[in-house]
Amino acid sequence: MPPPPDGGTGVPPDPFDALPSPLDAVPELRAAARWMIAAFGAVGAALIGVGPLVAVGKVHGLGDALVAGAALLLALGGVSLAIWQVSRVLEPPVTTTATLADPAVRDLRELIDAAPEDFFGSAATGVDDLLRHRAVAANIQRAIAAEPDPHRRELLRHHLDRARANISRTDPYVRWLLAMTHVWQIRAALYTARRWCLLAVLLVTAGAVGFLTVTGR
């Protein structure tokens with residue numbers, strides 16, 4: 001006789017056991033962020049180390065000195081902006097079921113709700129349906145605590161057992177969903193940082209051009 005699907009433990013098998021965890025992508029995303037920080041850090045070091053040396057003896061008059069200083073500060077401001085925004089990718093986000101309402105993961109939720117059977121099979125018809133069992137169990141638990149009638153309490157306990165069974169059945173999917181949401185938050189932070197980096201590149205370029213124009217006269 002073949003072994004039961006739960007291995008005889010009474011615990012339903014995890015449908016994602018054979019798949020890589022979404023959390024495996026986190027080190028790669030953060031490695032990309034560290035590389036971006038290192039790149040902008042090198043630019044900042046070059047501006048601080050080379051810029052003032054180039055300016056010595058080539059800036060004539062207070063006006064040119066002020067323009068050169070402002071241009072250098074603009075370039076360094078661009079570097080600082082990029083490093084600050086990219087460093088937010090390295091901050092570990094807090095991920096709960098409430099995070100699914102965050103605009104940063106809206107596209108993930110829309111992707112899942114567009115074809116829930118591809119993600120949850122027959123376990124749920126969408127994200128809300130997957131998560132509702134916990135809310136149901138909590139509501140029943142509160143109702144039991146407030147119910148004076150022993151017969152009604154027994155009926156409520158029966159419903160609570162069913163809710164807990166549904167929670168046990170959907171738990172693997174909820175864990176996968178939270179892991180994917182965690183990765184999606186970091187991914188969204190990296191995409192946002194990239195957009196800020198484009199602005200930072202423009203600031204650095206404008207500052208460097210202004211500085212070189214003054215010092216190259």
Side-chain angles (χ1 to χ4, degrees), residues 1-30 33 85 87-193 195:
M1 177 182 296
D6 58 12
T9 63
V11 179
D14 190 332
F16 302 103
D17 272 347
L19 299 175
S21 169
L23 297 176
D24 292 344
V26 172
E28 297 180 5
L29 292 171
R30 288 183 171 153
Q85 290 293 334
S87 65
R88 298 178 64 184
V89 180
L90 304 179
E91 298 175 3
V94 177
T95 306
T96 67
T97 54
T99 307
L100 290 162
D102 194 301
V105 297
R106 182 186 297 119
D107 50 350
L108 171 63
R109 182 164 183 156
E110 290 174 352
L111 177 67
I112 294 174
D113 283 339
E117 64 278 0
D118 292 340
F119 296 91
F120 306 142
S122 60
T125 58
V127 173
D128 287 335
D129 186 43
L130 182 71
L131 302 178
R132 68 184 177 88
H133 303 296
R134 283 174 169 74
V136 169
N139 290 335
I140 295 175
Q141 189 69 56
R142 284 193 291 268
I144 291 174
E147 179 57 59
D149 188 328
H151 297 292
R152 294 178 65 86
R153 278 203 307 271
E154 188 62 32
L155 179 60
L156 287 170
R157 287 194 183 95
H158 174 69
H159 291 311
L160 181 60
D161 289 341
R162 291 183 57 186
R164 286 173 173 169
N166 287 330
I167 290 173
S168 177
R169 176 175 57 87
T170 57
D171 254 350
Y173 299 93
V174 174
R175 288 195 298 270
W176 174 88
L177 179 60
L178 290 177
M180 181 61 75
T181 302
H182 186 81
V183 174
W184 216 266
Q185 287 177 279
I186 298 174
R187 173 179 174 269
L190 183 60
Y191 282 3
T192 300
R195 290 193 289 270

Rounded distance [0.5 Å steps], [atom1] in [X] versus [atom2] in [Y]:
X    : Y    : atom1 : atom2 : result
D161 : L156 : CG    : CG    : 11.0 Å
R30  : L190 : CZ    : CG    : 11.0 Å
E28  : I186 : CD    : CD1   : 12.0 Å
L130 : Y173 : CG    : OH    : 9.0 Å
L108 : L100 : CG    : CG    : 7.5 Å
H182 : L177 : NE2   : CG    : 13.5 Å

Open item on the list: Could you walk me through whether D171 and H133 satisfy the side chain to side chain contact (heavy atoms under 4.5 Å, CB included) test, starting with their C-alpha distance in whole Å, then the side-chain angles of each, then the deciding distance to 0.1 Å, before giving a yes or no?
Closed with: CA-CA 10 Å; D171 254 350; H133 303 296; over 6 Å; no
Tell me the closest heavy-atom pair linking [X] and [Y], and the distance in Å.
X    : Y    : value
A137 : L160 : O-CD1, 3.6 Å
W176 : P22  : NE1-CG, 3.7 Å
V89  : A193 : CG2-CB, 4.3 Å
D107 : W184 : OD1-NE1, 2.8 Å
D129 : A124 : OD2-CA, 3.2 Å
A163 : I140 : CB-CD1, 4.4 Å

Open item on the list: Quick one: does any side-chain atom of T192 pair with a main-chain N or O of A188 as donor and acceptor, under 3.5 Å?
Closed with: yes
Would you be so kind as to tabulate the donor-acceptor pairs closer than 3.5 Å made by side chains of residues 110-119, with sequence neighbours excluded?
unit_1: D113; atom_1: OD1; unit_2: V127; atom_2: N; d: 3.0

Task: Minimum side-chain heavy-atom gap T96-L178 below 4.5 Å - done: no
Task: salt bridge (charged side-chain N to carboxylate O under 4.0 Å, His left out): pairs with one or both residues in residues 87-105, sequence neighbours excluded - done: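 Those involving residues 87-105 do not exist here.
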Task: Among R153, R152, R142, salt bridge (Lys or Arg N to Asp or Glu O under 4.0 Å) partner for E147 - done: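 With E147 as partner, R153, R152, R142 yield a single salt bridge (Lys or Arg N to Asp or Glu O under 4.0 Å), made by R152.
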Task: T95 and Q185 side chains, donor-acceptor separation under 3.5 Å - done: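 There is such a pair (donor and acceptor under 3.5 Å, judged by atom type) between the side chains of Q185 and T95.
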Open item on the list: If you apply the rule side chain to side chain contact (heavy atoms under 4.5 Å, CB included), what do you find for L131 with V174, and how did you get there?
Closed with: CA-CA 7 Å; L131 302 178; V174 174; 4.2 Å; yes
